[in-house]
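Working notes, structure below.
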Amino acid sequence: MAYMEQKCDNELNRIRGNSFVIETQPDLRTVHSKPGSTVQVTFRPRRVSIQPVHGDFVRQRFITFYQRTASDLKVMSLPVSPHEHRDLQRRFPLLLFKPDHKKQEMMVTGPFVYIAKLEEFFSQNMRSSSKSVMNKGPADSLGSRTSAPSPPHSKDPEDEPCPICMEPIVTTEKKTLKCKHSFCRDCLKKAFEYKPVCPTCGQLYGTLTGTQPEGGRMSVTKNSSSLPGYEKYGTIIIKYYIPSGVQKLEHPNPGQPYEGVSRTAYLPDSSEGKRILKLLKQAFDQRLIFTVGRSTTSGRNNTVTWNDIHHKTSAHGGPTQYGYPDPDYLSRVRDELKVKVVYDKLGRRLNNQVSLPTITNCDWPKSPV
């Protein structure tokens, strides 16, 4: 959460808008046993006149953003002193550096591709020295080594830094994607080995598959009864079944068993509801509807949970009971399906953002606002 508060402030401002304040505090249940491992996020309205449905919408947008961002983060430690980290922070502005005074190390958090580039940069500098960074004096620190004179680069306006390594891109090694973003060829190759998306805008250059356990079923039936807010239409009933099994390498605890689930969801049998149903079928085939982790409602670990595509699991009760009426739900779930890079029936990608499986080491407030 600290990374998003410091590096994703613009995105958080768009989510909370002028109506809400997002507050974070340590989870009292784990503050003594595992300090810092879990935080509680609270959404407070700035005005008492704000409707609960608005709070639910803001919370769902935040959860989707959190899961999409946190699932792409990696944490590592480096044996560098505080004064040396300033050079690294300048070279890697999208990484968060935090000193660990007890271990005399620097904890680094950031997107996988930038962490990988930092590791490569650091190992190259270590190989160029016969001694450990920790044994160097200030005059021969990492910062002084990395600031040594380098071959001059052209000041041509065409010259641009690679967004991954932050070094000027050599013309002969430049790779420009269809989305018009350019990178060093080797940097982009390593990024695509992890995830085939543009590291800048997230546009997909391959097929995205989630970590939903295999062997599940999705069945659809209809009845003539209507949902609140959609009185002119019947109801689409979706039943999901994911059997229990053993976690694979793509899951949090490989080799351990996980508990399966059965879930039921509801859509209006309108033209928009039918379009959402087709997208949900595509998402299910791409193994994006569920993942394995800790349930945010029951607290059980090693169980099949929803990924960040929200479903209406009740026909009534409104947003606070995950039911109808909720006039904005269909547009919200469509946005979430866009995030998942689901394609429509004509093969057109709905958006250029990508999300990976749910991160479960967080505790969401259960009250409506």
Side-chain angles (χ1 to χ4, degrees), residues 56-57 59-69 71 179 195-198 201-223 226-230 232-242 261-292 304-315 319 322-358:
D56 183 69
F57 176 53
R59 241 187 357 269
Q60 289 190 16
R61 288 184 63 191
F62 172 80
I63 291 173
T64 299
F65 169 71
Y66 178 93
Q67 293 172 337
R68 186 172 67 246
T69 303
S71 63
C179 57
K195 187 168 61 175
V197 301
C198 172
C201 71
Q203 181 165 326
L204 183 67
Y205 291 93
T207 300
L208 182 68
T209 302
T211 59
Q212 176 180 297
E214 297 177 344
R217 298 192 303 271
M218 174 184 179
S219 61
V220 178
T221 58
K222 297 182 180 182
N223 64 33
S226 61
L227 296 167
Y230 295 92
K232 296 181 180 180
Y233 309 99
T235 300
I236 298 172
I237 304 171
I238 307 171
K239 291 187 179 294
Y240 295 106
Y241 171 68
I242 305 293
V261 296
S262 296
R263 293 286 184 266
T264 302
Y266 302 89
L267 288 170
D269 195 12
S270 61
S271 57
E272 180 65 10
K274 292 174 182 177
R275 284 194 289 268
I276 296 300
L277 175 62
K278 291 181 179 180
L279 297 177
L280 288 174
K281 287 181 178 179
Q282 181 68 32
F284 187 82
D285 291 341
Q286 290 180 227
R287 301 173 58 206
L288 298 171
I289 297 293
F290 296 97
T291 187
V292 175
V304 174
T305 67
W306 293 112
N307 210 337
D308 52 352
I309 298 175
H310 290 82
H311 286 65
K312 289 296 185 183
T313 55
S314 176
Y322 307 103
Y324 296 89
D326 186 350
D328 297 324
Y329 169 68
L330 294 182
S331 62
R332 290 203 309 272
V333 73
R334 184 176 175 83
D335 288 342
E336 292 166 358
L337 289 164
K338 291 177 183 180
V339 168
K340 288 292 189 178
V341 198
V342 177
Y343 290 75
D344 66 14
K345 63 181 180 180
L346 298 179
R348 297 172 299 192
R349 190 163 51 79
L350 296 175
N351 201 319
N352 61 1
Q353 298 297 317
V354 171
S355 178
L356 287 180
T358 304

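The shown structure was predicted, so the numbers you read here are calculated from the model rather than taken from an experiment.
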*Could you pull out the closest heavy-atom pair between Leu330 and Pro268, with the gap in Å?*
CD1-CG, 3.9 Å
*asked:* Within the 4.5 Å heavy-atom criterion, are Val333 and His310 side-chain neighbours or not?
replied: no
*Taking all non-hydrogen atoms of both residues into account, name the closest pair between Ile242 and Pro213 and its distance.*
CG2-CB, 3.9 Å
*Return the set of residues passing salt bridge (Lys or Arg N to Asp or Glu O under 4.0 Å) with Lys281 (not counting sequence neighbours), or none when no residue passes.*
none
*For the residue pair Leu337 and Ala283, what are the closest heavy atoms and their distance?*
CD2-CB, 4.0 Å
*Minimum-distance pair of heavy atoms, taken over all atoms of Lys222 and Lys274*: NZ-CE, 4.1 Å
*Between the side chain of Tyr324 and the main-chain N/O of Tyr266, is any donor-acceptor distance below 3.5 Å?*
yes
_Side-chain donor or acceptor of Lys312 paired with backbone N/O of Gly323 under 3.5 Å_ = yes
_If the test is side chain to side chain contact (heavy atoms under 4.5 Å, CB included), which one of Leu267, Asp269, Asn223, Val220 qualifies with Ile237?_
Asn223
*asked:* Return the CG to OG distance between Asp326 and Ser331, rounded to the nearest 0.5 Å.
replied: 8.5 Å
*About how many Å separate CD of Gln282 and CG of Leu280, when rounded to the nearest 0.5 Å?*
10.5 Å
*Could you pull out all residues at least two apart from Arg275 that satisfy salt bridge (Lys or Arg N to Asp or Glu O under 4.0 Å)?*
Glu272
_For the CD atom of Gln212 and the CD atom of Gln286, what is their distance to the nearest 0.5 Å?_
10.5 Å
*With the side chain counted from C-beta on, respond yes when Ile289 and Met218 share a heavy-atom pair under 4.5 Å apart, and no when they do not.*
no
*Interatomic distance, Leu288 atom CG to Leu279 atom CG [nearest 0.5 angstrom]*: 11.5 Å
_For Tyr240, ring pair (Phe, Tyr, Trp, His ring centres under 6.0 Å) partners two or more places apart_ = Phe284, Phe290, Trp306, His311
*Which atom pair, heavy atoms only, marks the closest approach of Ser262 to Tyr241?*
OG-CD1, 3.3 Å
_Minimum heavy-atom separation for Ala315 and Leu227, please, with both atom names._
CB-CD2, 3.6 Å
